[in-house]
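Numbered from 1 within each chain, the chains take letters A, B, ... in sequence-line order. All values below were derived from every heavy atom in this structure, side-chain atoms included, with hydrogens, water molecules and symmetry-related copies excluded.
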2 protein chains.
Amino acid sequence: MKATDSPAEPSSYSISELAREFDITTRAIRFYEDKGLLSPARRGQTRIYSPEDRVRLKLILRGKRLGFSLDESREIIDMYDPAHGNVEQLQRLLLHIGQKRAQLQQQLRDIESLMGELDDAEGRARAALQLNTDS
Amino acid sequence: MKATDSPAEPSSYSISELAREFDITTRAIRFYEDKGLLSPARRGQTRIYSPEDRVRLKLILRGKRLGFSLDESREIIDMYDPAHGNVEQLQRLLLHIGQKRAQLQQQLRDIESLMGELDDAEGRARAALQLNTDS
DNA sequence: GCAGGAGTTTACGTTAACGTAAACGTAAGC
DNA sequence: GCTTACGTTTACGTTAACGTAAACTCCTGC
């Protein structure tokens, strides 16, 4: 029993398979394609999604959970690409990476403080429940 | 020299003061009021913001950085309020707090993986730069 | 006494991210 | 041969979160 005995990854997906898996509509998936975030293969008219396409879709949805716009998600996805050749572009990429990192660090701080406040709120709510249910 | 010798907190703010401080427009601030997220005092027609109003505004903007809608931010802000009296409401509040916590934990995971990928991308970019600038 | 600056209300415009619906093609099952 | 399921394109509708502009009031400095 090797590690590759796992469920076995499909070599392609239909649009509705992906829609079901990620709980979004096919309309949304086509919309992402319109916006240039996906470009699946075609058999005739029908779209055929590769495992790589599926990964890109996951990245898009992760971006959404972090509050990114589709444009921002596209930029992030583009960072994984082959190095865009020329030096100036690479330096802009490094700059961009630095900015994203700073944004994520701010989000970490924001989450930390919000978490603390949720703890407080939960404490107060539990205390109030005690008062209300004490006989 | 006591701790209270710090810059000294104003006891009230004008709308344009807040707009400048947080780098947003007065239009946005009034919009938040329309949506029920703020309710500043008035002197005549003019809005006067208390330090508490200012805190609420900060919470709204933190919510935005985390990708929350204004409705979500309002719900979160409402969690700090006096305990809403009855038991059922308190239990709904606890449930809601749990859900938000779960969402924040997902965001933490998302940020962590994205950070790792940014590291990779930066590594590749730096490597490509080496190749291009090596004489 | 009036120009300039800050504030107000009212209202229409705009962008992003899809939703919804129409009208059609194609392949499978009965 | 007809329905049912799944796919397609095209196009108009919708919601959130403001932007922009008009028309007005109220103070302040000169």
Side-chain angles (χ1 to χ4, degrees), chain A residues 10-50 53-54 56-78 100 103 107 110, chain B residues 10-50 53-54 56-78 100 103 107 110:
Chain A
S11 67
S12 74
Y13 308 83
S14 75
I15 193 170
S16 51
E17 281 169 359
L18 291 182
R20 259 193 306 276
E21 176 174 2
F22 296 114
D23 194 32
I24 55 181
T25 65
T26 61
R27 176 71 179 85
I29 296 178
R30 292 196 197 93
F31 181 77
Y32 299 151
E33 182 176 347
D34 273 10
K35 294 295 163 175
L37 289 129
L38 293 174
S39 37
R42 301 260 181 161
R43 192 167 52 197
Q45 285 284 70
T46 306
R47 292 167 173 82
I48 300 185
Y49 296 86
S50 69
D53 289 328
R54 182 171 163 281
R56 291 175 71 90
L57 183 50
K58 281 176 80 166
L59 294 179
I60 296 169
L61 299 178
R62 185 184 64 187
K64 298 208 72 183
R65 289 195 301 272
L66 291 175
F68 295 174
S69 71
L70 293 183
D71 279 350
E72 283 177 304
S73 284
R74 194 212 341 266
E75 290 172 5
I76 290 174
I77 292 176
D78 287 349
K100 271 301 156 196
Q103 181 185 349
Q107 288 200 359
D110 287 335
Chain B
S11 67
S12 73
Y13 308 83
S14 76
I15 193 169
S16 52
E17 281 169 357
L18 291 181
R20 259 192 307 276
E21 174 174 2
F22 296 114
D23 194 31
I24 55 181
T25 65
T26 60
R27 176 70 179 87
I29 297 178
R30 292 195 197 94
F31 182 76
Y32 300 151
E33 181 175 347
D34 272 10
K35 293 295 162 174
L37 289 131
L38 293 174
S39 37
R42 300 260 181 160
R43 192 166 54 197
Q45 285 284 70
T46 304
R47 293 167 174 80
I48 300 185
Y49 297 86
S50 69
D53 290 327
R54 181 172 165 280
R56 293 175 69 91
L57 183 51
K58 280 176 83 166
L59 294 179
I60 297 170
L61 299 178
R62 186 184 64 187
K64 299 208 73 183
R65 288 195 302 271
L66 291 174
F68 295 173
S69 70
L70 293 183
D71 280 350
E72 284 178 303
S73 284
R74 193 212 342 263
E75 290 173 5
I76 291 175
I77 292 176
D78 287 348
K100 271 302 157 197
Q103 181 185 347
Q107 288 202 2
D110 288 334

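The salt bridge (Lys or Arg N to Asp or Glu O under 4.0 Å) test with B/E33 singles out one residue from B/R56, B/R42, B/R27, and that residue is B/R42.
Taking each heavy atom of B/Q107 and B/L66 in turn, the nearest pair found is NE2-O, 3.3 Å. The two residues B/I60 and B/S73 come nearest to each other via the heavy atoms O-OG, 3.9 Å.
Proximity of a side-chain donor or acceptor of A/D53 to a complementary backbone N or O of A/S50 within less than 3.5 Å is detected.
Spacing between atom CD of B/Q45 and atom P of C/dT8 amounts to 8 Å, rounded to whole angstrom units. Rounded to an integer number of Å, the gap from CZ of B/R42 to C1' of C/dT8 is 8 Å.
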Summarise protein proximity over nucleotides 11-28 of chain C in one line of letters, 5' to 3': B for base, S for sugar-phosphate only, - for none, counting protein heavy atoms closer than 4.0 Å. B-----BBBB--------
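To the nearest 0.5 Å, atom OH of residue B/Y32 and atom CG of residue B/L38 are 9.0 Å apart. Note that the CD atom of A/E21 and the NZ atom of A/K58 stand 7.0 Å from one another [nearest 0.5 Å].
Between A/R47 and D/dT9 there is a side-chain N or O to OP1 or OP2 distance below 4.0 Å.
B/L59 is not listed as a side-chain neighbour of B/I76, based on a closest heavy-atom distance of 4.5 Å or more. Side chains of B/R62 and B/F68 form no contact here, defined as non-hydrogen atoms less than 4.5 Å apart.
Across all strands shown, B/R43 has no heavy atoms under 4.0 Å from either base or sugar-phosphate atoms.
Sorted by residue number, the members of residues 11-20 of chain B with any non-hydrogen atom under 4.0 Å from DNA chain C read B/S14, B/I15, B/S16.
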